[in-house]
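Please read all numbers here as calculations on a predicted model, not as lab measurements.
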Amino acid sequence: MRLYMTVAAGGFRRHATYRMATAAGVFTNTVFGFILSYTYIALWDERPHLGGYDQADALAYVWIGQALLATCALMGGGFQEEVMERIRTGDIAVDLYRPADLQTWWFSDNLGRSAFHLLGRGVVPMTVGAIAFDITLPSRPSTWPAFLLAVALGSIVSFSIWYLVAMSAFWLLDGQGVAQVAWLGGLFFSGMLLPLNVFPGALGEVARVLPWASMLQVPADVYLEKYEGWGLLGAFAFQGCWAVVLLAAGRVAQTLATRKVVVQGG
């Protein structure tokens, strides 16, 4: 356990060293936050209460999305690129033979990365959005820890998806195609472009039960206090179930990959 805590702390420190990249990310998230905010204002002026949100809710959703873009790796977290490169070069064989578990190692590293981006690239854009626009703020203090829990669960689901993407490189000549599909899925089905509540009919129903909904839509609705009592527990259960299923799938993929390496090495 101490090893993986050290890995998580190392992941936090490693990303904290890229100060200019962090500043550029904050600037970019803030600029896109303004662009999306004015787009949402125009849309909600025409369609008030679209998707069950008023304009203040919609604007809060925009800035939550900007805060969680890197935190929950909605468009990729970066670690999968390193893992796929190690698979391509064969260096992954060394990792699989180490006494440290591969999945837990990268989970811990991603935990540190996610925590840093929440603080480094999440707080500032969210604060700027709250100052510049009339956004909804939680009315209950208990909403904040519930929101952070939802973000943590969303980050775990995100890691699980990207870990499976990385593992696909064991059986494909190039995992970039799978990564591109996952990138598009995260952009569209997480609700990054529009809240999933706005999606019509069957498309909306399907989108809201896919794992990507755990990464933005659920945390945003927790923040906006759309869940209460058992509904809030149900939202956490939804995220937790996807996390368990996807982590288990990643474990199976890792086991099959290890056997493949052993066979080829033998």
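Of the possible donor and acceptor atoms, none in the side chain of Gln66 sits under 3.5 Å from a partner among the backbone N and O of Thr30. A side-chain donor-acceptor contact under 3.5 Å links Thr89 to the backbone of Arg86. Using modelled atom types, one side-chain atom of Gln239 and one backbone atom of Ala150 make a donor-acceptor pair closer than 3.5 Å. At least one donor-acceptor pair under 3.5 Å links the side chain of Lys226 to the backbone N or O of Gly52. Put simply, the side chain of Tyr223 never gets that close to the backbone of Ala60: no donor and acceptor are under 3.5 Å apart. Remark: the backbone N or O of Arg14 is paired with a side-chain donor or acceptor of Thr17 at under 3.5 angstrom. Remark: the backbone N or O of Tyr53 is paired with a side-chain donor or acceptor of Trp44 at under 3.5 angstrom. Counting only distance, with no hydrogens or angles, the side chain of Ser155 and the backbone of Val151 share no donor-acceptor pair below 3.5 Å. With hydrogens and angles disregarded, a donor-acceptor distance shorter than 3.5 Å links the side chain of Ser158 to the backbone of Cys72. At least one donor-acceptor pair under 3.5 Å links the side chain of Arg113 to the backbone N or O of Thr71.
Here the CD1 atom belonging to Ile64 is positioned 7.5 Å from the CD1 atom belonging to Ile135, to the nearest 0.5 angstrom. With values rounded to the nearest 0.5 angstrom, Leu194 atom CG is found 6.0 Å from Phe199 atom CZ. Ile131 CD1 to Met126 CE: the interatomic distance, rounded to the nearest 0.5 Å, is 11.5 Å. To the nearest 0.5 Å, the span separating CG on Leu148 from CG on Leu118 amounts to 6.5 Å. Here the straight-line distance linking atom CG of Leu196 with atom CG of Leu210 works out to 8.5 Å at 0.5 Å rounding. A distance of 5.0 Å separates CD in Gln55 from CD1 in Ile41, rounded to the nearest 0.5 Å.
A heavy-atom distance below 4.5 Å is found between the side chains of Leu102 and Met167. Contact annotation: the side chain of Ile156 approaches that of Phe107 to within less than 4.5 Å [non-hydrogen atoms, C-beta and beyond]. Using a 4.5 Å heavy-atom cutoff, the side chains of Pro138 and Phe147 are not in contact. When side chains are defined from C-beta on, Thr104 counts as touching Arg251, because their heavy atoms get closer than 4.5 Å. Side chains of Leu247 and Gln103 form a contact here, defined as non-hydrogen atoms less than 4.5 Å apart. The shortest side-chain heavy-atom distance between Phe238 and Leu153 does not fall under the 4.5 Å cut-off.
With a 6.0 Å radius and a threshold of 12 heavy atoms from other residues, nucleotides or ligands, Asp45 has its CG atom above the threshold. No more than 12 heavy atoms of other residues, nucleotides or ligands lie within 6.0 Å of CZ in Phe32, so this atom counts as exposed by the packing criterion. Counting heavy atoms of neighbouring residues, nucleotides and ligands inside a 6.0 Å radius, atom CZ of Arg140 exceeds 12 of them.
Between Arg208 and Asp221 there is no salt bridge, since no side-chain nitrogen of the basic residue lies less than 4.0 Å from a carboxylate oxygen of the acidic one.
When ring centroids are compared, Phe34 and Phe133 come within the 6.0 Å threshold.
Annotation for Tyr18: hydrophobic cluster partners, listed by chain and number, are none (ILVMFWY side-chain heavy atoms under 4.5 Å, direct or chained).
A side-chain donor from one of Tyr163 and Gln254 sits under 3.5 Å from a side-chain acceptor of the other. With hydrogens and angles left out, the side-chain atoms of Ser37 and Trp63 include a donor and acceptor closer than 3.5 Å. In this structure, a donor-acceptor pair under 3.5 Å is absent between the side chains of Ser190 and Gln217.
Cluster annotation: Leu246 is not connected to Leu111 through the hydrophobic network of ILVMFWY side chains, with a link wherever side-chain heavy atoms come within less than 4.5 Å. One hydrophobic cluster, built from ILVMFWY side chains closer than 4.5 Å, cannot hold both Val128 and Val31; they sit in different ones. Note on Tyr61: it clusters hydrophobically with Leu232, by side-chain heavy-atom contacts below 4.5 Å among ILVMFWY residues. Phe27 and Phe116 fall into different hydrophobic clusters, where Ile, Leu, Val, Met, Phe, Trp and Tyr are joined by side-chain heavy atoms under 4.5 Å apart, directly or via other members. When hydrophobic clusters are built by joining Ile, Leu, Val, Met, Phe, Trp and Tyr residues whose side-chain heavy atoms come closer than 4.5 Å, directly or via intermediates, Leu256 is not grouped with Met84.
Considering all non-hydrogen atoms of both residues, Leu68 and Met215 come closest at CD1-O, 3.8 Å. In this structure, Tyr40 and Pro195 approach most closely via the heavy-atom pair OH-CD, 3.5 Å.
Checked against Phe159 for a ring-ring contact (aromatic ring centres under 6.0 Å, His included), the options Phe79, Trp105, Trp106, Trp242 give a single hit: Phe79.
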